[in-house]
Structure formats: C-alpha cells, structure tokens
**Q** 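The structure that follows is given in the form of structure tokens.
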Amino acid sequence: MEYNFKEIEKKWQQFWKDQKIYEVDIDKNRPKYYVLDMFPYPSGAGLHVGHPLGYIASDIFSRYKRSSGYNVLHPMGFDAYGLPAEQYAIQTGQHPAITTEINIKRYREQLDKIGFSYDWNREVKTCDPKYYKWTQWAFIQMFHHYYDNKANKALPIKELIKQFETSGTKDVDAACTKELSFTAEEWLNMSEKEQQEVLLNYRIAYLADTMVNWCPKLGTVLANDEVKDGVSIRGGYPVEQKVMRQWSLRISAYAERLLEGLDTIDWSDSLKEIQRNWIGRSEGAEIIFPVKDSDVEMKIFTTRADTIFGVTFMVLAPESELVGKIVTSEQKAEVDKYITDTKKRTERERLSEVKKMTGVFSGAYAINPLNNKEVPIWISDYVLAGYGTGAIMAVPAHDSRDFAFARTFNLPIIQVVVPEGEEPADVSQWDDAKDSKEGYLINSGFLNGLKVPEAIERTKEFIREKKIGDVKVNYRLRDAIFSRQRYWGEPFPVYYKDGMPYTLDESELPLELPEIDKYLPTEKGEPPLGRAKNWKTKDGYPLELNTMPGFAGSSAYFLRYMDPHNDQALVSTEANQYWQDVDLYIGGTEHATGHLIYARFWNKFLYDLGVVCKPEPFRKLVNQGMIQGRSNFVYRIKGTNTFVSYNLKKDYDVTPIHVDISLVHNDILDIEAFKKWSPEYKDAEFVLEEGNKYVCGWAVEKMSKSMFNVVNPDNIIEQYGADTLRLYEMFLGPLEQSKPWDTNGIDGVHKFLRKTWRLFTDREGKLLVSDDKPNRDELKILHRTIAKVTEDIERFSFNTCVSAFMICVNQLSELKCHKREILEPLLILISPFAPHITEELWHLLGHTSSIIDAPWPKSDDQYLKDDTVVYPVSFNGKMRFKLEMPADAKKEELEKAALEHEAANKWLEGKTVRKVIIVPGKIINIVVS
RNA sequence: GCCCGGAUGGUGGAAUUGGUAGACACGCAGGACUUAAAAUCCUGUGGCCAUUGCGGCUGUGCGGGUUCAAGUCCCGCUCCGGGUACCA
C-alpha cells in the first residue's frame, strides 16, 4: 500500500472533529500556553499560499507544546468588518454581511483542509453582535474614564468630577485635549451642556474638533496608520487635512507606558524599533517668547534649547490659533491668502513639495527671552499644528528646514555651534545647515565655549530659574481617530441630547447595526447610518451615525478567545487568571503601527480597570516573512497584437503584460491556453525563439490577483496533500524571512513523506514494524534527532527541523530499521509538522488515541556523545587531514597524535612548530612557520 | 535624509557561543531496475588547476583590520529589502 494522502487526510480531519480533539478548557492541573495567530480579514479572493505560513508555524508550536504537557489555547476567528466588503456592497447592492459570511465559509474550508489544531468552538467574528457587544462595552468604559497623570492610570470620570466640585482644576493633572483652568465655583455654575463639553476634554474616548485625514473618495476619515505617503493604504486614494468633530481615543496618554512596556516583551528588535519611532518620544524644553507690543505669549517646543542664541525668526503653523491674535493689519490680507492656499493643498502635494518652502510674514515680532532680541514671526506650513505647540523657534544655522526657509526669504543666519576641530565659518557660503550634535557654543552669551550637552543643561536650568519655560517630553504619537463615516463597522453605543454625547446603558448592548437601503452617504452628506429608519433611543434621542474603525474589533479579540461564550463579561476573571496573556503571537510586521499599538493600549486600559491581569497582552511575538509571488510576463509589440519571446524582445518596442502563471510552465508559455485566456488574445500572433518556444519574463512581486501570480493552497493540497504543503512551507527557509513562492523543491518533501511511509509498510501494505531491540547506532540516530528537533522548534527554526527529519529517515532507511522503539518516537517528532500521515501510522501501530496527546520524547545524553571524535587537523588555520581520537583523549595525546600522523609530515617539513592550539572535542590547529 | 534588516554554489538554504564553509533539498549529469514508462535506488556535482595517483590553489557582496583560527567580531564602502520622514 502506497502513501495515499487524500484518503488519510480526509479520514483524520473527520476523526479530530468527531472526537473534539482540539477543544480545550481550563485545566488547573496543567500549565497553560496560549498560541495566537493574527486573525484574517476574509477577502473575496480566498487564501493564497502566503497566508498559512504563520498559521503552520504556530500550529506546529501548539502541537509541540501540547505534546510537552501544556494545556494549549490555539483559537482562530475572523476580522470581519472592513472596507472591501462595503465597497463591494456599494457596487453590487449585496449586503456586506452576506459576502462576509460567504468569504468566511470559504476561508474556513481552506483552513480546515490544512489540518490546523484550532479550537473552533472559540471562534470569534468581529461583526457578530455577541462579540461586538464587548467592543461597544469597552468604548463605554473609555468614555467614562480619564487618564490621571499622578496615579499614572485610567480612573473613573466620577473622580474627576469630584475634584472639580471641590477645587476646580487646581490639583488636576490629567491627560486632556486643551489645558483648562476653572474654580470649583465656576464648575458648579456651568450648565450641564458646558460641563459635558469640559468632560469631553478629559475622557479617554472623546469627541472633539480635530484635524483629521479626510479621504473624499472613501467618504471617511482615516487614522494615521491607515495613511501612507498622503494616500489611503486601502485603495490608494488621496487624503486631505480637514477639521471635523470626531471620536478619538486618548492613546497619547499611554505613550510613556507603551514605550516602557516594550522593554518587558520578547518581540523582534525591528518591530520594537518601529513602535518606538511611531511613539516618537523626544525630550526638550517648552520656552515662552513674549510677542512685542502685545500680551500674547508664544510657547514653543525645542529639543535644542542651547541653540536659542541662534534664533533669527519664529514660525507658526498656519492652523495655529495664535495666527489671528498676532497678525498685524498691514499683513492680514496676505496671511489670509496664504492660509486659504495651504488649506487647498492636499497632504500629498505638501509631501511632494517638501523642498519648496512657502510662508508669509505675520508682521509681528517675538522677543527672545535670553537676549531680549526681537525676531520676526512667520507663518509656514512646514511647521505642523499637531506636534509640540504648533510653533517653533527657528535656528537656521543648525536646522536644514529653517536654513531652507531663511534662504528662501532672505532671513539672517547665525552660527552658534562649531563642530569639534572646525573653525567658525562664513554662513553665506553654506549650502545647508551645519550639524550641531557635537561641538562648542559661540555667539551665545553666557553659553559661549560650553560643549553641547553642558549647554543644553545650562539653558534648561536658566529657563527654569527665570520661569520662562519648562523641561518637557513630547510624543509624536497622536490620539487615534475613532469615527468612520461608514456602514460596515460597529455602531457607537452613543446618543445625543442637546448636542452632547451620552452612552447607552450597558443593559442595552449590543446596539445592533441597522438595515439600510443603500450603503452610501445621505443627500445631506451624513454617514450611511443616516439612512436607517428609527435610528434613535427608546426615548427618542438620535443615535450616533458614525461607526467604529477596523482596529476596534481586533483590539481585544485575544481576550475574548479566553471566554468566548460569556454574556456577562468580556472575559471572566477566572478565565483571564488562567490564560493570562498570549505566550506566542505570530503575524506580519505590517501591523506594527496599527493593530499592535492599539491592542497594547486597549489592554493597558482594561488592566487599569482591573479587567485583565497582565499589562502587556503579547509576551512573545514572531513576524513571519511575506511569501511573494513570482509573476510571469509576455511582451506585446506596441500597437499590435503580436507577442515576442523574452530573448528576442530587445529588437522591438514592447509593453510587458502580466500573464496568469497557470498558463506558464518553467517560464514557457502555453500558447493555446493563452489564446483562450481572454478574448482579446484569441487572434494573437507570436514571435518564437529556438525550439518554437515562447519564453516569458519573470519578476518577484507581491502575491496578488492583479499580478496573476496567486498560488492557491487548495491546488497544492490536491496534488501533494496538506502534510506536504505544511512541510514545504516550513522547508522554504527561515520563518521570518520573505521569500518568493516557488514549487521547485516541493517534490523533495513529498518524497520524504513517502520514504517515511516505507519505513512502516512494504509495497503490499504489510506492516514491517518489529519489536526488536534497537542497537546503539539506531538509538544514536533517534536521540540526536530528538535533541536537534526539540531545540530547533524552541527557537522557531522549522526549516532545519525538516532537514533533520530527512537525515534521520535517510539513515534509518539505509540501516533498514523498522523497529517500533525507534519509529514511534520519530512519529511523535514529525507529528506537529505532518499531523495526518503520522496519525495514520500511529494508529497502524495499534494506538487508538490521537498522536497529539502522545508525550514528547526526551533525548538521552548517552546517545548524544560519541566514543571517539574525528578531529580536523589544521595548519595555520587550514584544514589538512582528519584524525580520529578517543573522546576522552588528553590535550598532550592529541598534540602528539596530530604531529606524528603521517599526513602531518608534508606540512611540517622545513617548518618550525610555533604553537599547537587544541580545543577538546572541536579542533586541532598547528601553527608553523 | 534617518533607523532597522540582509547579501553564502545554477536555485532554496545550513553552519546555534569565532573552530572542518556549502548540511538538507531542488536542478543538472551519469548509471541500475524495466519490453517501455512511472516509481524507486546508486554515483557525481562551488570555481580553477592537476587528473596517472595522492592532490593543490581559491572561495561566503567589496576594501582593510583583530585573531592560532573570521560567513561569524571591528572599521570603511557597494547593492538589495523594510520602516519612517518637514516631529523642531
């Protein structure tokens, strides 16, 4: 009987399902281990071979941990809300819930065929009301909490109200949108509406007028991580800046904790670095510059307070509130025009014209508090309203943007830092600002002669003494815009009374997404929910029309898996205490600045509330590399329907066109199939090369439908089986590396499985396995494999595990070893990688329970050591011959044996031995000259 | 620009702490079995030179260095990939 993967895989997948093998529960007698995959967004295209890479790795690890005695939680679900389903709904009128359900079903079928050990009983879908009830619940909690900087955690907003009632803002130190100042009396005299407005300034989930990324084409605002290079990540549509009243989450309050937490978790350095950059902590000073002939003060943030004597002008962001207060009547017209002009520029235009400086003089002057000099205040969009105070002191000599601005508008430049080993230079000769990280100060009054770090300290002291500013830490991380003007997302549990937002009572959750007639904004320009009939509370108050963004549903799903059917809480204390946190999270690095920040924030908030017991949700995180596609091209001669083969194309003017890789084998085009592929090519003609072949070009690109290079796992499974797919994806190379999909090596791993099979049965299907005692050689092969594979799984080196299996099976085949004592442990080792074939053989050996619960074999040291060591003997570092010696040979014996070996003569002749280096068990190196 | 990765045969890759570079697999070449094919098995396979034999030289992107010994460590570059960018 040959290895029949089709029958075997179907049979055992059914068995696992029937026996509920993968369902887990709290078991206090066993340690827990939580292995999580980033759940997929179920797109219409289905899974391609890139998706399962991480899933296979995590599945191997889960099975390995389970076999090692852990109670393993390994769940899966679907990130089911999102833009593509809604865009599709707009085009077809089909309800996104229907397409989403169809796509999920297809994903599920594809996943099931690969043989994953998911506990599907714990499946979550973010669009399921039973699930999003808890997304809404968390939002309500955020609405009713504020961030207390003294306690350094979220506290109930009731506490803040109490403080307002007794002492106003006097002792309040809370994260807020705008610094407010009022007395208890003033607070008590405010109307309810005014009080609510004040509270929004402190709530962790708050509504405020903020500068947002507005994408007209998608008809919605986007968060910072959803925009790149001035266009939306989904769809690539232009994005502009606009002030809108939007929900935001005060994630910036957690910036420091999000940064510090990185030091406590086991993530790749690159991922941590991306998050650190995104959080963007910078230490500096806030300094107040009074405005001349006015009581307005200009507060600026700088990391280089020491260069303050080099300030020759100030710059305000066009959006800054100060602009209106300081602009002089003579300059007003010009300033207004500039502001209108900058508003019209899209984010993309701003970015593409980085080098071109624009700006306008405000007419006002600021006074440098250190030397009392007057400097002009300019307005320019190179200063961002959202960072720091939206105003800067410009030091053109040492900042290239300020330098460019000064040159454009002919403003003076004063050098204040001279780099080590240089002389003060003539600034008019410079073509860029001078680096000022190291050096000493000049033209700087009391700072003259000081080194940069000393000067920074002195300036800070001075600022504090004179009370003209303060030392301050700034973060780049902005609050997360949380509203989307979209249909297919979680509704906010919010209604409006007198224009102010209030949350629904928890008992009214979930607030279900209503049906609407069209998935488009209303005529009045309201979001799609404006079309819903009766979209109001039972008391008649209108409900929020925005929905939540994609990251809402994925921010706490890892907690829900711990207790997915609980309708009383997001997660019970008992379940959370047991499962605690994710021990291993595998997923792509593309979520570094989105999901992985939001989820950490969300978790920390719940930690502050005492809902969860761990401050960090993902203890270890491994990024799997991308599997890229290998695309093929045909070359059409411009203006014709004639295609020219790859090696002849240089003689023609051609356009490369992607061709579906299923029409190409080893880069040779199947011409007939190509003609049938599209009516456009029915009458195509071809210029062929030698052998009448049409050779295609190729490139490694992203795997995507539009490139016609998608490889579907179902086809591979059909041809080779799931076990081969699993092994091959691992064999391809290190998990974390990106690599193009190429089926060239797949025969090798398939052959390996057949070879493994043949250790157990002969051609007729008769079991060959015997109960004979294994000899030392066989035990050595086994135990070395156990040691190697165990170690390699622990360090996520799955590709080397596969080669270790191959070596082991090759050696056992050579020895014709069919002994149970060897083969049984070997099966267990292979089972996490190839669960189906090993389950079949396991049962053939007479077992009746699943191999997944067979205890992981332990290697025995006595088989790992050899009695002898084959020493490489080198002369001056070059290996010349090998010498077999007893493992316990002394250094002197080794030296003697090496020097007396006959092969050594040749290398010793006419030379003097200077030194002999012996590393026992490793190497002998003889230094001669 | 800045930050982080990476570069090893025809190909994917291995070498975990500085200690035999190229494991394992693909591909290729030759052979066995077979009427034939498939399947399977065996041999060879970095380059150059010598092949009558032992063998020798060279070789991990480039240039230098440390060391008895460097793919691995240090310095300087080149190229590729990723992140980020008027962040003061």
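These numbers come from a predicted model, not from an experiment. Every chain is numbered from 1 and lettered A, B, ... according to where its sequence line falls, protein lines coming before strand lines.
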**Q** Run the salt bridge (Lys or Arg N to Asp or Glu O under 4.0 Å) test against A/R784 and tell me which residues pass, sequence neighbours left out.
**A** A/D866

**Q** Heavy atoms only, 4.0 Å cut-off, all strands: where does A/R914 land among base, sugar-phosphate and nothing?
**A**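 No contact.
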
**Q** Which part of the nucleic acid, if any, lies within contact of A/K788, taking any heavy atom under 4.0 Å across all strands shown: a base, the sugar-phosphate backbone alone, or nothing?
**A**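 Since a base atom lies under 4.0 Å of A/K788, the category is base.
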
**Q** List the atom pairs, donor and acceptor, that lie under 3.5 Å between side-chain atoms in residues 875-882 of chain A and the rest of the protein, sequence neighbours left out.
**A**
from, atom 1, to, atom 2, distance (Å)
A/N876, OD1, A/V928, N, 3.0
A/N876, ND2, A/V928, O, 3.3

**Q** Determine the interatomic distance between P on B/C86 and the same-named atom on B/C73; round to the nearest Å.
**A** 35 Å

**Q** Are there runs of at least three consecutive Watson-Crick or G-U pairs touching RNA chain B, with each pair's two distances under 3.5 angstrom? Give them by first number.
**A** B:1-7 with B:78-84, B:10-12 with B:24-26, B:27-32 with B:40-45, B:46-49 with B:55-58, B:61-65 with B:73-77

**Q** Using atom C1' of each nucleotide, how far apart are B/C42 and B/G46 to the nearest Å?
**A** 23 Å

**Q** When all nucleic acid strands are considered with a 4.0 Å heavy-atom cut-off, which category describes A/R758: base, sugar-phosphate, or nothing?
**A** sugar-phosphate

**Q** At under 4.0 Å between heavy atoms, what does A/S380 touch on the DNA or RNA strands: base, sugar-phosphate, or nothing?
**A** nothing

**Q** Write down the protein N/O and nucleotide N/O pairs, taken from nucleotides 70-76 of chain B, whose separation is under 3.5 Å; answer none if there are no such pairs.
**A**
none

**Q** Quick one: which protein N/O atoms are closer than 3.5 Å to N/O atoms of nucleotides 17-24 of chain B? Pair and distance per line, please.
**A**
from, atom 1, to, atom 2, distance (Å)
B/U20, O2, A/K882, NZ, 3.1

**Q** Base of B/C87, side chain of A/R478 - is there a donor-acceptor contact under 3.5 Å?
**A**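 Per atom types, the contact qualifies.
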
**Q** Base, sugar-phosphate alone, or nothing: which one does A/P740 contact when heavy atoms must sit under 4.0 Å apart?
**A** nothing

**Q** Who pairs with A/E273 by side chain to side chain contact (heavy atoms under 4.5 Å, CB included), at least two apart in sequence or on another chain?
**A**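 Expected list: A/R276, A/N277.
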
**Q** Which one, B/C26, B/A88, B/U16, comes nearest to the side chain of A/R401?
**A** B/A88

**Q** With rounding to the closest Å, how many angstrom separate the C1' atoms on B/U34 and B/U45?
**A**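 It comes out at 27 Å once rounded to the nearest Å.
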
